[in-house]
Amino acid sequence: MEFETVIGLEIHAQLLTSTKIFCTCSSSFGAEQNTHACPVCLGMPGVLPVLNKKVVEYAIKMGLATNCKIASRSIFARKNYFYPDLPKGYQISQFEEPICEYGHVDIIVEGEPRRIRLTRIHMEEDAGKSIHAEEFVASDETLVDVNRCGTPLIEIVTEPDIRSPREAFVFLNELRQILRYLNICDGNMEEGSLRCDANISIRPKGDTKLGTKAELKNMNSFRGVEKAIEYEVLRQTDIITSGGKVQQQTLLWDDKRMEVQPIRSKEMAHDYRYFPDPDLVPVDVAPEWIEAIRADMPELPAARRERFRTQFKLPEYDAAVLTETKDVADYFEAVAAHIDDAKLVSNWIMGEVLRTLNEQKLDIADFPINPQRLAGLVDLIQKSVISGKIAKSVFTEMLTSTDSAQQIVDAKGLTQVSDSSELDQVINDIITANPDAVERFKAGETKLTGFFVGQIMKATQGKANPKVVNQLLMEKLNKK
Ligand code: ADP
Ligand code: MG
Ligand code: ZN
């Protein structure tokens with residue numbers, strides 16, 4: 001029997017606000033344990049939470065970016081459960097009336113367009129962090145850090161529309177790109193500012209009824225999500241083909257052992273006794289505010305990719321690489337504004353620039369060569385003042401100097417030699433010095449051209465214009 005995989009994702013994104021969702025404590029990452037806390041985020045009796053407006057703005061931004069309907073009124077609810085890292089005994093979330101619903105994200109998976117519908121996006125606070133002490137000291141104690149209590153999150157829930165582990169990967173990547181373009185979440189899965197739970201079931205191909213799902217948690221990378229889903233699909237397929245039934249349960253992915261472990265069923269009993277939080281008024285959003293937020297939205301990744309293909313006539317691959325982050329896309333556009341060969345600019349950014357950023361672990365914002373200087377370099381190549389090979393050495397020089405490409409070329413005398421009268425002499429000398437090679441070339445060993453060009457380049461320290469060299473060389477050799 002053939003099976004179809006059905007996946008729905010629940011993604012938590014930590015919002016880049018400077019303060020928490022209901023108090024003025026800092027929500028920055030990495031502070032000393034238990035220093036970012038106050039009676040409000042610890043839920044002491046008698047305190048009143050006050051909603052951070054930025055959180056609502058960011059949730060609306062994400063809703064607009066993913067084609068959601070924005071609710072004019074939404075409600076905060078208490079989700080009650082006991083856990084040591086939740087001193088309040090409840091988490092403030094949204095339940096029946098979330099801020100965003102009915103969205104979708106369009107992606108392309110292995111050449112096929114796919115639409116993944118979003119059920120909802122809601123706002124909520126994060127819980128604290130349990131730290132298992134055996135990781136640091138020989139002890140079986142668990143420590144609690146409450147700094148994260150009250151950190152703002154949005155939870156994005158998809159319909160069960162995803163059909164393969166790869167599709168989940170592509171969707172997550174697109175979602176993260178949107179979050180980053182909007183500058184509302186840093187999207188770092190390793191640090192936990194983006195978390196993804198995957199709900200997975202399988203069903204006989206052609207069936208419309210959903211199978212029993214298992215929920216996978218604890219993946220801490222995109223590859224981890226893909227791997228975990230692959231594993232789970234195989235596990236469920238094995239169970240069903242050997243006559244068993246999949247149990248509805250929560251499983252923890254172990255990235256080192258590449259397998260899942262069930263968590264105790266008690267911990268997953270879903271009885272949160274939600275009720276509207278009596279301390280918080282409903283969130284009323286004026287249509288004018290939504291429009292103001294919409295007007296302030298940046299161009300989104302999909303639109304920018306498409307524009308890079310049409311406006312700059314770039315291949316799909318280049319468009320995808322260059323728009324991966326907003327900053328690189330901005331950098332490309334700033335260079336391309338000065339050069340009319342967009343593909344040449346793209347090659348330089350995808351090649352030398354991104355390679356250098358990667359090697360030096362730099363963000364493009366800290367890249368020593370600004371767009372104007374790179375444009376100066378690409379311009380010299382385009383005008384054949386220097387060869388691509390010389391340009392690479394100029395580029396390296398520019399990384400540690402503030403000079404323009406032209407200044408470096410002038411100072412080092414790197415200008416390409418295209419003048420045939422200058423090259424004539426060099427080429428004649430090389431031909432005279434290698435009579436054997438000339439004989440073999442005449443006898444049909446045409447690959448010796450490479451040898452001659454190499455010698456000429458060596459004699460000119462790489463400055464000879466390869467096009468002119470090739471032409472002159474051929475003329476001379478064929479006359480021999
Ligand atoms: P729960 O109440 O267990 O949290 P929800 O109905 O809220 O379940 O759905 C949570 C997520 O699981 C959503 O992303 C949804 O699309 C997905 N989902 C629901 N049922 C299935 C299923 N049978 N197979 C795969 N995913 C599912
Ligand atoms: Mg759920
Ligand atoms: Zn606080």
Side-chain angles (χ1 to χ4, degrees), residues 3-12 17-28 31 34-44 47-52 55 66 79 81 86-88 92-96 98 101-105 115-122 124-128 145-152 155-165 167-168 171-172 175 195-204 207-217 225 228-229 232-233 236-237 240 245-251 263 265 267-272 274:
F3 292 100
E4 178 177 51
T5 302
V6 175
I7 304 160
L9 300 179
E10 296 168 282
I11 297 117
H12 286 90
T17 56
S18 51
T19 56
K20 294 185 179 179
I21 182 169
F22 299 117
C23 65
T24 56
C25 288
S26 163
S27 59
S28 68
N34 299 312
T35 55
H36 290 174
C38 75
V40 175
C41 51
L42 295 177
M44 297 294 169
V47 296
L48 274 181
V50 176
L51 178 59
N52 182 342
V55 173
T66 53
K79 179 180 183 178
Y81 65 97
L86 187 74
K88 284 176 25 182
I92 304 177
S93 181
Q94 295 195 297
F95 185 53
E96 280 172 342
E101 285 182 288
Y102 314 115
H104 65 258
V105 174
R115 170 163 293 185
I116 312 301
R117 289 169 301 158
L118 302 187
T119 315
R120 57 191 276 149
I121 300 176
H122 67 251
E124 63 183 24
E125 60 179 345
D126 208 346
D145 178 8
V146 296
N147 282 356
R148 210 176 60 182
C149 290
T151 296
E155 179 174 347
I156 303 160
V157 183
T158 79
E159 290 289 302
D161 283 352
I162 299 168
R163 291 289 172 270
S164 70
E167 200 165 304
F171 170 78
L172 259 187
L175 208 66
R195 285 165 250 162
C196 175
D197 301 339
N199 299 271
I200 298 144
S201 63
I202 60 171
R203 62 185 173 192
D207 263 22
T208 48
K209 211 167 100 296
L210 292 172
T212 305
K213 71 175 162 87
E215 183 171 1
L216 286 187
K217 290 178 177 288
V225 172
I229 298 174
E232 179 58 15
V233 169
Q236 292 187 12
T237 310
I240 292 178
K245 273 199 166 125
V246 174
Q247 279 184 43
Q248 172 141 3
Q249 60 181 338
T250 302
L251 301 165
I263 62 173
S265 56
E267 286 178 87
M268 50 165 292
H270 282 310
D271 185 10
Y272 294 125
Y274 280 101

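Everything quoted here is computed from the prediction, not taken from an experiment. Remember, it's 1-based here, ligands and their atoms both numbered in the order they're listed. All heavy atoms count here, side chains included; hydrogens, waters and symmetry mates do not.
Here is the list of ligand 1 atoms found below 4.0 Å of a heavy atom in G211: 23 (N). For ligand 1 and V157, the ligand atoms under 4.0 Å from any heavy atom of the residue are 13 (C), 14 (O). Near V6, the atoms of ligand 1 lying under 4.0 angstrom from a non-hydrogen atom of the residue are 24 (N), 25 (C). Under a 4.0 Å criterion applied to the non-hydrogen atoms of E159, ligand 1 contributes the atoms 16 (O).
Within the model, atoms SG of C41 and CG of D126 stand 12.0 Å from one another, a figure rounded to the nearest 0.5 Å.
Side-chain contact, T119 with E159: a donor N or O sits under 3.5 Å from an acceptor N or O. No side-chain donor from either of E10 and H12 sits under 3.5 Å from a side-chain acceptor of the other. Between the side chains of T17 and T19, no donor N or O sits under 3.5 Å from an acceptor N or O.
Which of I156, T158, I162, L118 comes nearest to atom 15 (C) of ligand 1 through a heavy atom is settled by distance: it is T158. When D161, T5, N199, I11 are ranked by how near their heavy atoms come to atom 12 (O) of ligand 1, first place goes to N199.
Heavy atoms of L9 found under 4.0 angstrom from ligand 1 belong exclusively to the backbone. Only the side chain of E10 comes within 4.0 Å of ligand 1, counting heavy atoms alone; its backbone N, CA, C and O stay farther away.
Across K88, K79, R148, a single residue satisfies side chain to side chain contact (heavy atoms under 4.5 Å, CB included) together with E125, and that is K88. Tested against C149 for a side chain to side chain contact (heavy atoms under 4.5 Å, CB included), the candidates D145, N147, V146, T151 yield a single pass: V146.
A salt bridge between R203 and E4 is present, with a side-chain N of the basic residue lying under 4.0 Å from a carboxylate O of the acidic one.
Angle subtended at the Zn ion (ligand 3) by C41 SG and C23 SG: 110°, rounded to 10 degrees.
For the Zn ion (ligand 3), the set of nearby N, O or S atoms under 2.8 Å includes one belonging to C38.
Close N/O approach between L210 and ligand 1 is not found [any backbone or side-chain N/O within under 3.5 Å]. Looking at ligand 1, you'll find an N or O of K213 within less than 3.5 Å of one of its N or O atoms.
Looking only at side-chain heavy atoms (C-beta outward), D197 and L9 stay at 4.5 Å or farther from each other.
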